Amino acid sequence: MPKSFTRRQFLQTSAALVASTGLPFANEALAQDDWSAGEVVHLLPTANHERVLLKASFQQPLKDAPQLRVGGRTVKGRRSDSLGRFWQFDAAGLRADTGYTLQILDSKGRGLCSPWPLKTFPKPDASPDRVRLLVYTCAGGDPEAKGPGGMEVFRSLAIRHALLERGLAFQPDAVIANGDHVYQDQRTWLESNNPGIRKAATDFYKNIGMFDTSLPVLGTDNERILRTVVDPQIAHLYGTRLRSTPVFFMMDDHDYFENDEAEDNFITFPPDHFDLSLGRTVQDMYYPQFLPDATRSAMLPGTGAGDRGPGLSECFGTLRYGKLLEVLMYDCGRYMNLKDRHAGLIPPEAEKWLLDRTRTSDARHLVHMPSTPFGWSAGKWREWYPDVVVSDETMAAAASTVSQRFGGVRGSNLRLSTDKQKYMWQSGWYQQHQRIAGALTQQQRAAVMMSGDLHATGWDRLLKSGELDMRANPINLILNGPLGTGMAGWPSGPRGLGPAAPGALTLERNARPMEKNGFSIIDVTPDKLVCHLFAWREPDPFDAIRTLQPYDVVEITRPRT
């Protein structure tokens, strides 16, 4: 297994590549190489213009509450688990656009790690000149998991560390991880029609034990199993790399410990009570919820829960960077419903928030970021679109014999089609898509939609969707790239066909996204938004990640008014 490069090696290499990439680089980051994590296993902070929320775990349980020193003040930690290994710190009342020195101390004032810097965002009415984001999806997965025939399911931590370090070498101001931070599906693995998947899942749980769905997650053996499953996928993946970079973690289907599947007597979403408890517990322990935003209703579902910090939102978030940028992030899994033409992948209250912000935001650039992508389909159940994967040669047989779960149609001439009805697909999902798309294209700004989930990277422009004509202001579609997808996880594997445009859509390029690992660096200035798309996959050597350059650059210019 290849070893991870040190942060210093990545930063030095990146500095030498400034001229060739055109991406500015901050050399002062080299000074962080000597930072000591001490007792800390992982740190993941988020921030806005006045508040910082930090999630942390430690090598050993702490009996007494640790403290976070923020500048000249201290904030007492709140325990997130039953043992005292996981703690969170919520610092409010901070100054905007201000660099703070942070340090975690034990209850007696002893430092548990070295101090480190973190900066708050500008005020919502400020006018910053630029901001840079690192965006990706599908970073989760147990690196030791094996698929049928021993095939790699998820990338090694060495590969994921290398990709993450390459992205961080460009010194982003914030990181957005668009869903699927954890892969450990329950029914969809243990009851899979694929015997190889079923055996691998059974063997895994045979070693660590099975979740007992009749018991709470915390304070029972379920908690030990949860830590065993999630530590490698989040704590060991990120460590303390992102301590000085505010993060925004969206949730998607696998974060509720299931794949989104539907067939007779087998429907996995919305999540049941236990799966919801697993997802909420992982979020509370490992990564921050979304901080409040004055323009986002505190009445949205998943907001302001009594067992969470004040005003935090678990599913719907805002990244506001002055008047320069507003990113609207939305979970399309937890609150999806099955109400036919009245259905939605997000609840009505969240849709109203999205439409209102799209029409009234004063930000120079506004980006929608759902967990379920616009513009492409892999023939899955929980998509905005009704298309399924079919084969012209096997269509008749497939309609009655092929399960959609962990399968797909095998044969030649594979394509997306609506000739076969997608089981339990809801027409209201597409109608909601149309309302959101209509609001985006009617803006004075350029319309931008960034998504994850599909284990692919690419871009296109959406010109038409059904009767909706968007050619006057097409929606710029970006797939930001998957960090952790392994060789058995590409859509063309289990379904036989990679992502493609659904039949109802007209795309400008109609270019299929690439099934490669990668990420995006997004540079935002008042006049434009520039997406640098990075991709890597064998047969490219592992060492190539260290000097990875964009395979494409998409420039989205704000229309003149």
Side-chain angles (χ1 to χ4, degrees), residues 7 10-11 13-15 17-30 32 44-49 96-99 117-124 126-137 139 163-178 238 241-250 317-329 363-367 369 445-446 448 450 452 457 459 476 478-481 483 518-535 548-558:
R7 184 164 182 78
F10 273 96
L11 295 172
T13 301
S14 300
L17 287 172
V18 174
S20 60
T21 62
L23 293 168
F25 174 77
N27 285 298
E28 55 268 23
L30 288 169
Q32 298 180 11
L44 287 174
T46 195
N48 61 16
H49 64 287
D97 203 18
T98 300
L118 183 71
K119 189 176 182 181
T120 54
F121 287 170
K123 289 183 179 180
S127 299
D129 292 331
R130 61 181 62 245
V131 64
R132 171 174 289 174
L133 308 179
L134 166 61
V135 190
Y136 53 84
T137 187
L163 289 165
L164 189 59
E165 290 286 2
R166 183 61 183 143
L168 291 173
F170 297 109
Q171 295 298 287
D173 298 291
V175 170
I176 301 178
N178 188 337
Y238 293 104
R241 289 173 173 83
L242 300 180
R243 63 188 179 275
S244 295
T245 310
V247 301
F248 296 80
F249 273 47
M250 299 169 56
T318 309
L319 191 167
R320 175 79 185 204
Y321 202 83
K323 288 186 177 181
L324 180 60
L325 175 68
E326 185 170 338
V327 182
L328 306 175
M329 296 164 279
R364 293 286 295 176
H365 303 277
L366 182 132
V367 174
M369 194 171 291
R445 295 175 288 253
V448 184
M450 296 181 182
T457 175
W459 69 277
N476 294 272
I478 308 291
L479 283 178
N480 290 110
L483 208 65
F519 56 86
S520 299
I521 295 290
I522 314 298
D523 278 325
V524 186
T525 56
D527 294 330
K528 61 185 177 181
L529 185 153
V530 183
C531 305
H532 306 262
L533 306 182
F534 293 75
L548 199 61
Q549 299 185 45
Y551 73 86
D552 209 345
V553 178
V554 185
E555 185 171 301
I556 303 170
T557 304
R558 180 183 164 91

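Computed from a predicted structure; not experimentally measured.
- A side-chain donor-acceptor contact under 3.5 Å links R445 to the backbone of A363.
- Side-chain contact between L529 and M450 is present, with at least one heavy-atom pair separated by less than 4.5 Å.
- Of all heavy-atom pairs spanning R243 and L118, the tightest one is O-CD1, 3.7 Å.
- Note that CG of N480 is 8.0 Å distant from CD1 of I176, once rounded to the nearest 0.5 Å.
- In this structure, R364 CZ and L325 CG are separated by 12.0 Å, a value rounded to the nearest 0.5 Å.
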* To do: Start with the C-alpha distance between H365 and V448, add both sets of side-chain angles, then the distance that settles side-chain contact (heavy atoms from CB on, under 4.5 Å), and finish with yes or no.
  => CA-CA 8 Å; H365 303 277; V448 184; over 6 Å; no

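- Under the 3.5 Å distance criterion, the side-chain polar atoms of H532 are left unmatched by any main-chain donor or acceptor of Q549.
- Considering only heavy atoms from C-beta on, K119 comes within 4.5 Å of D97 through its side chain.
- Defined by atom type and a distance below 3.5 Å, a donor-acceptor pair is missing between the side-chain atoms of T137 and N178.
- The structure places CE of M329 at 6.5 Å from OG1 of T318, a figure rounded to the nearest 0.5 Å.
- Closest non-hydrogen pair, I521 versus G167, comes out as CD1-O, 3.7 Å.
- Salt bridge D173/R132: absent, no basic N to carboxylate O contact under 4.0 Å.
- Going from atom CZ of F249 over to atom OG1 of T46 covers 10.0 Å, rounded to the nearest 0.5 Å.
- Across A96 and T120, no two heavy atoms sit closer than the pair C-OG1, 3.4 Å.
- Closest of all the heavy-atom pairs between A47 and F121 is O-CE1, 3.6 Å.
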* To do: Check step by step if side-chain contact (heavy atoms from CB on, under 4.5 Å) holds for L319 and V367.
  => CA-CA 10 Å; L319 191 167; V367 174; over 6 Å; no

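- Considering every non-hydrogen atom in both A535 and T457, the closest pair reads CB-CG2, 4.0 Å.
- Partners of P128 according to the side chain to side chain contact (heavy atoms under 4.5 Å, CB included) rule, which considers only residues two or more places apart in sequence or in another chain, are P122, A126, Y321, L324.
- Put simply, CG on N476 and CD on E555 are 11.0 Å apart, with the number rounded to the nearest 0.5 Å.
- Atom CH2 of W459 is separated from atom CG of D552 by 6.5 Å, given to the nearest 0.5 angstrom.
- Within the 4.5 Å cutoff, the side chain of P172 has no heavy atoms near those of the L133 side chain.
- Taking the six-membered ring for Trp and the full ring otherwise, F170 and F519 have centroids separated by 6.0 Å or more.
- Heavy atoms only, all atoms of each residue included: L479 and G452 are closest at CD2-O, 3.9 Å.
- Side-chain atoms of Q171 come within 3.5 Å of backbone atoms of L168 as a donor-acceptor pair (strictly under, hydrogens ignored).
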